[in-house]
J.: 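For reference, the structure I am asking about is given below.
Quick caveat, the model's predicted, so the values are computed rather than measured. Note that ligands are numbered from 1 as they come in the structure, with each ligand's atoms numbered from 1 the same way.
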Amino acid sequence: MSELRITAVEPFILHVPVTGNEIADSTHRISHWGVVGCRIDTAEGISGYGFTGTHAHLSSDQLITACISRCYTPLLLGQSAHDHARLWQTLARSPALQWVGRAGITTLAHAAVDVALWDIVAKAAQQPLWQRLGGAVRESVRAYNTDIGWLSLSDDQLLRGAKQAVDQGFTGIKIKVGSAVERDVARVRAVRQAIGDRVTLAVDGNGKWDLPSCLRFARATADYDPLWFEEPLWYDDVQAHAALAASGLVPVALGEQLYTTDAFAEFMRQQAIHWVQPDVTRMAGITEVLRVCDMAGGWRLPVAPHAGDMSQVHLHLSWAHPACQVLEYIPWIAHCFTDPAHVKDGHFVKPMLPGCGTTPTEQAWGQYRQALS
Ligand code: MG
């Protein structure tokens, strides 16, 4: 077996335009998605790519790449990518970093490194990641479309997009809420009437509302059968989520803003979560998200990883992990990769090339690359 000694770690920042050049949810308005990460080279000539996702603010993106190059690279050079589990621990418990950040920039940078290491070992084994993780456990991965549901869309645009998605074969959609309760209730009602009863309809508040607003909204939309209410409340507020979950009005989904296994564990212990939504680009990579998926399986909770095509990795995870049930479709950056995410008839096509699917194309490299300092 080759050693896969790490010879170089090269950070990168790509800023990729979103659909329609601008979108908004209840808390953010963005024009680009940041793909911030690193290429890790090995002595055998196999390179791995990993990245985190950001709202493309160059100043904070450069903090992530600085963390990779200044803090993590010295811990990686000369090590073997085969030892990725040990290296995960080395980075997570690094004396230089544990004190200053067990979440945030250090975790986002760690995500990029961990994914790149998995990419290397999967490529070296000539296997797509899902195979490396033990093989496919399902026949298909159902996609749900979020890119038709932004708050910045007019009511007409929202309904047109929802119907179009269903015509294209999607059996699930998600729309953003979190503006005014009455406006959002009316949009949910109109979308449900437009798409019929057979398509799943989830809603996503992006942490904007307080508990009374969430309860009012959930009561008013219960008849429209929402699959889940995602990030209804402030991301870290376990008690308020537990109260909403206990109301029985709507299933609660969250996780895209949680950095650690411990954070998920607390939501599960408090029965504050029904759908588990970890993100390999937010947590410390595949290594930690697998722990969350296993834990969710133990609690008999379904996993719906955050955006499949915005990490590329969640496609593989969804094929390989029994807890994963459905996967989000937001195709902003899929075209940037040599093995892009594809949806056909409402289902993600199984990726077949070796690795994690995270290798950028030459074109993306040339078109979207930003300065590191
Ligand atoms: Mg969300």
J.: Under 3.5 Å, is there a donor on one side chain and an acceptor on the other for Thr7 and Asp41?
T.: no
J.: Working to the nearest 0.5 angstrom, can you tell me the gap between Gln79 CD and Ile6 CD1?
T.: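 Going from the CD atom of Gln79 to the CD1 atom of Ile6 covers 7.0 Å.
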J.: Out of curiosity, Asp83 CG to Thr90 OG1, how far, rounded to the nearest 0.5 Å?
T.: 9.0 Å
J.: Does NZ or CZ of Arg291 lie under 6.0 Å from the centre of the six-membered ring of Trp88, at an angle within 45° of the ring axis?
T.: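 Arg291 over Trp88 ring: yes.
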J.: Answer with yes or no whether the side chains of Thr171 and Arg142 bring together a donor and an acceptor at under 3.5 Å.
T.: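 Checked: Arg142/Thr171 side chains pair up, N/O donor to acceptor below 3.5 Å.
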J.: Protein N/O/S atoms under 2.8 Å from the Mg ion (ligand 1): how many?
T.: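 Counting protein N, O and S atoms closer than 2.8 Å to the Mg ion (ligand 1) gives 3.
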J.: Residues in side-chain contact (heavy atoms from CB on, under 4.5 Å) with Val100, at least two apart?
T.: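 side-chain contact (heavy atoms from CB on, under 4.5 Å) check on Val100 returns Leu97.
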